[in-house]
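One structure is given here, and the rest of the page talks about it.
As the structure is a prediction and not an experimental result, all values here were calculated from the model. Letters A, B, ... mirror the listed sequences (proteins, then strands); counts begin at 1.
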Amino acid sequence: MELNGQLALTVLMGLFLVAVAAWLARVENWRSYTPLGSGGGGYGQESGYVSQEKPSGFIRWLTTVDHKDIGMLYGAFGVTAFLVGGAMVMLMRAELTVPEMTLISNQFYNSLMTSHGITMLFLFGTPIIAAFSNYFIPLVIGADDMAFPRINAIAFWLLPPAALLIWAGFFPVPDVIPAQTSWTMYTPLSAGVGQGNQANAGVDLMLLGLHLSGISATMGAINFIVTIFTERAEEVTWANLDIFSWTILTQSGLILFSFPLLGSALLMLLADRNLGTTFFAVDGGGPMLWQHLFWFFGHPEVYILVLPPMGLVSYILPRFSGRRLFGFKFVVYSTLAIGVLSFGVWAHHMFATGMDPRLRASFMAVSMAIAIPSAVKTFNWITTMWNGSIRLTAPMLFCIGFVSNFIVGGVTGVFLASIPVDLVLHDTYYVVGHFHYIVMGAIAFAGFAGLYYWYPIYTGRMYQRSLAKWHFWLWMIGSNVTFFAMILLGYGGMPRRYATYLPQFTDLHQVASIGAFIMTLGALIFLWNFVVSWYEGPVVRDGDPWDLKEDSLYTTEWEWFDRKLKTAVADGGEALPGGEESDAAEN
Amino acid sequence: MDENPGLSEQYRMASPWPLFVALGLPIAEIGILFDIPALSIGGLILFCGSVAGMVQEAGYARTPWRALAACAVLLFALGGLFFYADAQFGAEGIRFVARGWAIVVAGGVLLFGSVVGSLLVDEPEPV
Ligand code: HEM
Ligand SMILES: [Cu+2]
């Protein structure tokens, strides 16, 4: 049986390789024999532009190395992961409406919680940022493409396998169960020792998937650093580089120094689990080693996730305030300061581990210091809006929501950075409230600000504005209801990461769940609006749909869009009936 | 690049290789971690083969054969590392040697491909 399995697998693998080789050979064929402009033939006939640069139809998306296409792929992937992670957490919130275990088992709750965290951080957060940076950075810095277009494509294509591996435990594979380690994967639990069930292969697969996503992020980061350094158009200097590119550059630097470390730590953990090493064993390096390595990556990771959204807000918010970003230089400096400081605060996640009090105090000092550049940015956003001519479009609303939620998230963070407070609140819902104000209230809000702001560019159409506002308000109210309830739960002493709880916490948990359902409604409205407007929204014929020229806040990516609209008309631009072809062709 | 029209020759903005580079890596990782030779060997071949194809397509080399040989050398070294680990630590129940062999076999296949390719396939004519 064992041998048969191996044999079958070998045959399958062989067939797969032959199929790949055959497919590649076919690719050779078209490139050598297809006359220019007939684009592979078949169903996907698109505009001349696409067929000259890329094959058409489905194959185009599998083989593209165009930064705009890759940005679209990242975006589709990120939004999908967001829906998956959201569905996971809604099951959990449903379970938490009552104190006892009812709907799902405790094990399943723990599995969902682990997967929700990892999905949102690594499969939604990082990719949705990459969607914007891939699409827009080359446009705003005047580059033809990314410096390494093929590496760019590899970085994206590593993500779908990574997602499959991370979710592998949920698929009906015999003997494979989902990881229940939480996203922090603390040893010894994650080393699979002891009586638990975490020695299961599902945990190994999850770790491998995480490792792959790290490789992907690192490749992307290298690409952005090189692109921003070497591919800028002549007129784009360091002095007038836009704020979004600055934040992506800083983020890429952080990724370069932290993700390889996570990758190594994951390999060490995998070796502990499978190859008998003792990096994190009690008689070896000790379980605390994991916490240090993980948080040395983990804290920079939170800034990896928040800096580019800060850049998006700094980029978009001034355009609807009718003026330039206030104190541009200081926003850049504070970005760089956060980038440097973020490597010196990791032990604030470990205050309660019994570390040396002198060390602990120094980490407290740096953690408080990092709040300063964050506050500088906040004040700059507020001053930008101050007395401006504010237009409350959907992207602007999301930017304002970002600022508001970031203040709550940041202030609760400063409280947590204070050792005596942290010793009380550590591992309670207060912490969950703190970081959700930032990851959902700020990062996701900025992501949606970007999705709405550039909607005309990547779809050629406009979304339904009233639905977008419904989306915003449902989310603004929902997220504050949910996450403020969590902060109160934390004050009450409700520990985090439990499927069941004492009856005294019932009310607040129910409030939190109601908020989550409100957000779900908002997400459904978004999805409807996003998809339907893509097919049926009013076509944008103006290269300046946000009237940025009036305030001379027009930027290069819209110029590019305008040029594209004009050339499409010059081409005859056969107004394609369905609309979706024109979307595809637009890239 | 000029000498050898590739997908990216006609379609400047497309390349078939990245997808397979990204597919080969996880397959190889799973194979090596769980000691499943079919996946280790197949994944490594897919990964290295695609890298070699891409090196050629991007114009860093005229043919993929040398890149294949270089990959083979790296894989031999990696396999050697596994043999060394086994000799040093020889932990019971851990099949370092089997994993090492899988890697070496993959390297062997690539080397074979490299030799055959450079002997039998005509050099693309310079244009
Ligand atoms: C104003 C700056 C910030 C400070 C001073 C701060 C401080 C802290 C502290 C001390 C903790 C540990 C709490 C505990 O476990 O007892 C914490 C947890 C956390 N923070 Fe922040 N934070 C800040 C900003 C952020 C940002 C910008 C993000 C996200 C992008 C973030 C995400 C997180 C996460 C995810 C955790 C929980 C990690 C876990 O245990 O699962 N924080 N923060
Ligand atoms: Cu932190």
Side chain to side chain contact (heavy atoms under 4.5 Å, CB included), that's the test. Do Trp157(A) and Val21(B) meet it? Break it down for me. CA-CA 9 Å; Trp157(A) 285 110; Val21(B) 175; over 6 Å; no
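- Contact of Leu165(A) with chain B is made through the side chain alone, with heavy-atom distances under 4.5 Å.
- Interface check for chain A: of the options Gly43(B), Gly49(B), Gly42(B), the most heavy-atom pairs under 4.5 Å are formed by Gly42(B).
- Counting heavy-atom pairs closer than 4.5 Å to chain B, the top residue among Asp145(A), Asn274(A), Thr10(A) is Asn274(A).
- Residue contact with chain B, scored on non-hydrogen atoms closer than 4.5 Å, involves the side chain of Leu17(A) exclusively.
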Give the C-alpha distance, both sets of side-chain angles, the deciding distance and a yes or no for side chain to side chain contact (heavy atoms under 4.5 Å, CB included) between Leu205(A) and Phe34(B). CA-CA 10 Å; Leu205(A) 292 174; Phe34(B) 293 116; 3.6 Å; yes
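- Residue contact with chain B, scored on non-hydrogen atoms closer than 4.5 Å, involves the side chain of Pro161(A) exclusively.
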Checking Glu29(B) against Ile215(A) for the side chain to side chain contact (heavy atoms under 4.5 Å, CB included) test, could you report, in this order, the C-alpha distance in whole Å, the side-chain angles of both residues, the deciding distance, and whether it holds? CA-CA 13 Å; Glu29(B) 279 191 341; Ile215(A) 297 177; 4.3 Å; yes
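- Between Trp17(B) and Leu24(A) the shortest side-chain heavy-atom distance falls below 4.5 Å.
- Both the backbone and the side chain of Ala201(A) come within less than 4.5 Å of a heavy atom in chain B.
- When all heavy atoms of Ile154(A) and Ala22(B) are compared, the closest pair comes out as O-CB, 3.9 Å.
- Taking CD1 of Ile45(B) as the start and CE of Met13(A) as the end, the distance is 8.0 Å to the nearest 0.5 Å.
- Inter-residue side-chain proximity for Trp23(A) and Pro16(B) is flagged as met; some heavy-atom pair is nearer than 4.5 Å.
- Separation of atoms CG (Leu39(B)) and CG (Leu12(A)) is listed at 9.5 Å; rounding is to 0.5 Å.
- Here the side chains of Val55(B) and Arg150(A) are not in contact, with every heavy-atom distance at 4.5 Å or above.
- Other residues, nucleotides and ligands contribute only 12 or fewer heavy atoms inside 6.0 Å of the CZ atom of Phe112(B).
- Looking only at side-chain heavy atoms (C-beta outward), Leu19(B) and Thr63(A) stay at 4.5 Å or farther from each other.
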Can you check side chain to side chain contact (heavy atoms under 4.5 Å, CB included) on Leu275(A) and Arg99(B), steps first, answer last? CA-CA 11 Å; Leu275(A) 303 179; Arg99(B) 290 177 166 98; 3.7 Å; yes
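- Residue Phe16(A) touches chain B through its side chain alone, counting heavy-atom pairs closer than 4.5 Å.
- Heavy atoms closer than 4.5 Å to chain A are found in the side chain of Leu23(B), but not in its backbone.
- Heavy-atom minimum distance, Pro37(B) versus Gln6(A): CD-OE1, 3.6 Å.
- Looking at His211(A), only its side chain comes within 4.5 Å of chain B, counting heavy atoms on both sides.
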